[in-house]
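Worksheet: one structure, shown below.
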Amino acid sequence: MFRQFRSDVLKALEGFSFKAESFVKESEHADLACTVAFKLAREEKKRPQEVAEEIVSQLKIESDYIGSVEVVNGYINFFASYEFIEDTINYILDSDENYGSLNLGGDVLIEHTSANPDGPLHIGHIRNSIIGDTLARIFEKAGVDVTTHYYVNDMGRQVALTVLGIEMFGFEDEKPDHAVAKAYVAINRYMDEHPEKKEEIEAKVEELMSRYEEGDEEVSRLFRSVVEKALEGAGETLKNLNVTHDEYVWESRFVRNGYVDRIISMLEEKGLIQKDNAWTVDLSNFGYDKNVVIRRENGTTLYVTRDLAYHLWKNENFERFINILGSDHKLIGNQLSDILKIIGLKPPEIVFFEFVSLPEGSMSTRKGKFISADELIEKVYREAYEIIREREFSEEQKREVARAVAIAALRYDFIRVSPEKPITFDWKKALDFERQTASYIQYSHARACSILRKAVGNGMPYLEFAGELCTPQERKLVMLLSKFSTAVERVIRELRPNVFADYVMDVAIAFNDFYTSHPVLKAEKEIRMHRLAIVDACRIVLRNGLELLGIEPLERM
RNA sequence: GGGCCCGUGGCUUAGCAUGGAUAAAGCACCGGCCUUCUAAGCCGGGGAUCGCGGGUUCAAAUCCCGCCGGGUCCGCCA
């Protein structure tokens, strides 16, 4: 709805010598403010206030949604009309679960998580998952046909090492991804402690990798078994976080289906490959110091080669493709994009996020130095359960609520931070529910549900919003509600889902403000109906917003 | 050494894209509010030269240059 208001304001400002779009912005002093007078004042050698007044006197307002316009200190302030806020509430109530949707169309492939199958997901990986999954939900809401992929690095050295690790140290009976990590850590430790064996193991690794790439049956079975175990565990973790993938795409697929050969011949045709011992692509014209190796001396391919093939496939199947990657992939990611551009393919849009590190330093699966997502989930869950232990819920309800609150806290904690900011993980903060902003939002939603439940119980659930009954707080709240799709749009444009987390939070704050100062059930006829409409609209916005964040909107807590 | 990212009250962050009206939240701290729709809440208070220095501009947390501090990458690993 706010998008409509904005476009009406822009339309009213058409026909002047400036591009209204670049001067109209949201403001705390108005619903929309235009700052163009400052710019023009200089050119015309007048005071901004004069210029602004002149513009306003020439304004052609045809929209019913623009209630008033005023000039303050050179700012042109636009205010929405009663009609606008009435339409907003009615539109929200009518659209219900569809409120906030856009109709962008098209399709997008979102590749996220894609952690190496050498152990369980740790708290760095799930930052990736949460950004990717939230983005996927928001694209879906925007009317884009979304497919999500987990790209599985099944041909990597780690898998070969793990195969050897299991051979030497066995496979423990526990959650399979954790068992995989034990074998992987064990063989790495063994190599550190027995440097004399290192060469022998490396030779075996190389042989395993070659045989897997050739499609050797026996080796394939070993690799598959390791990868499937790791993936089985990761999938379970992701499901607990409300994250799902449409497909797990194994990189070996692109070796087997000819895409790797195709991408190599495309590069050859452009004369980009230097065939020394290994094959490399020269990117010195693009500012890279070193060539990118795409084929080893022994004839096997590298991660980047298969990734190029994967992106050839993406080019053939999707309009847009977005990858969520840790910032340590920046160099290789940019190299990949530049190579694709050279051969006339579209590069992926990449969302880089900075590391999640521990107070004592960065994590490493290889060294077994990490906090697994499972452990985090379990501890946060237990903490959440403690808080509701005394409530009058059944045991099953308590578990459900604790789970929903725990996952909400986790997801919100990761998503609220801008991707480019590094995070230092802190147990104390992760488990401190006093500062868990997600449960605050869930709580606001539950409060709204509670009022509506009681209204129905009293037999007077009739809703009738009336713009002229609005207090300033109510007006402010409704204006915020109208901005749902503006927030969705912004996430799509900037690929930064944290701005949406902020939006939902703002709605919750405004709702709680309204809640404590505006009695609903106790109010008289019209006011009661009017406020019930606001409560229901807030309920819808909070519920839809939480769902986009992958958080369960509880009705009681 | 080079590239990229980060640096905002004591702590964690938002705002930076497209410069604009007293820099916004949470935690922590201080003081209030449960016979009234869920106190996982609300209200009030103290606390910030927006890392430092320059520049552009009527106007800079936001743009430009330099510096400092932290992170990260620079493998025939992924």
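Computed from a predicted model, the values in this text were never measured in an experiment. In what follows, chains carry the letters A, B, and so on, assigned in the order in which the sequence lines appear, proteins first and then strands, with residues in each chain numbered from 1.
For the pair A:Ser27 and A:Met209, both in contact range of RNA chain B, the more 5′-proximal nearest nucleotide belongs to A:Ser27. Along RNA chain B, the nucleotide closest to A:Ala278 and the one closest to A:Ala446 are compared, and the more 5′ of them pairs with A:Ala446.
Contact between the side-chain N/O atoms of A:Ser444 and the OP1/OP2 oxygens of B:rG41 is not found at any separation under 4.0 Å. Residue A:Lys39 has no polar side-chain atom (N or O) positioned under 4.0 Å from OP1 or OP2 of B:rG19. A:Arg296 has a side-chain polar atom (N or O) that falls below the 4.0 Å cut-off from OP1 or OP2 of B:rC77. One finds no side-chain N or O of A:Asn512 lying less than 4.0 angstrom from the OP1 or OP2 phosphate oxygen of B:rU38. Look at A:Tyr440 and you'll find a side-chain N or O under 4.0 angstrom from OP1 or OP2 of B:rC42. The phosphate of B:rU38 has OP1 or OP2 within less than 4.0 Å of a side-chain N or O from A:Ser450. Regarding contacts with the backbone of B:rG15, every side-chain N or O of A:Arg416 stays at 4.0 angstrom or more from both OP1 and OP2.
Taking the six-membered ring where tryptophan is involved, the planes of A:His125 and A:His122 are essentially parallel, since the angle between them stays under 30° and well short of 60°.
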- Item | Worked verdict on A:Glu555 versus A:His445 for side chain to side chain donor-acceptor pair (under 3.5 Å) | CA-CA 7 Å; A:Glu555 292 183 11; A:His445 175 261; 5.8 Å; no

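Each of A:Phe23, A:Phe18, A:Tyr75 was compared with A:Phe38 under the ring-ring contact (aromatic ring centres under 6.0 Å, His included) criterion, and only A:Tyr75 meets it.
A:Phe500 is listed as a side-chain neighbour of A:Leu548, based on a closest heavy-atom distance under 4.5 Å.
Separation of the P atoms belonging to B:rA61 and B:rA17 is 12 Å when rounded to the nearest angstrom. Taking atom P in both B:rC11 and B:rC52, the straight-line distance is 14 Å, to the nearest Å. Remark: the separation of the P atoms in B:rG15 and B:rG31 is 34 Å, to the nearest Å.
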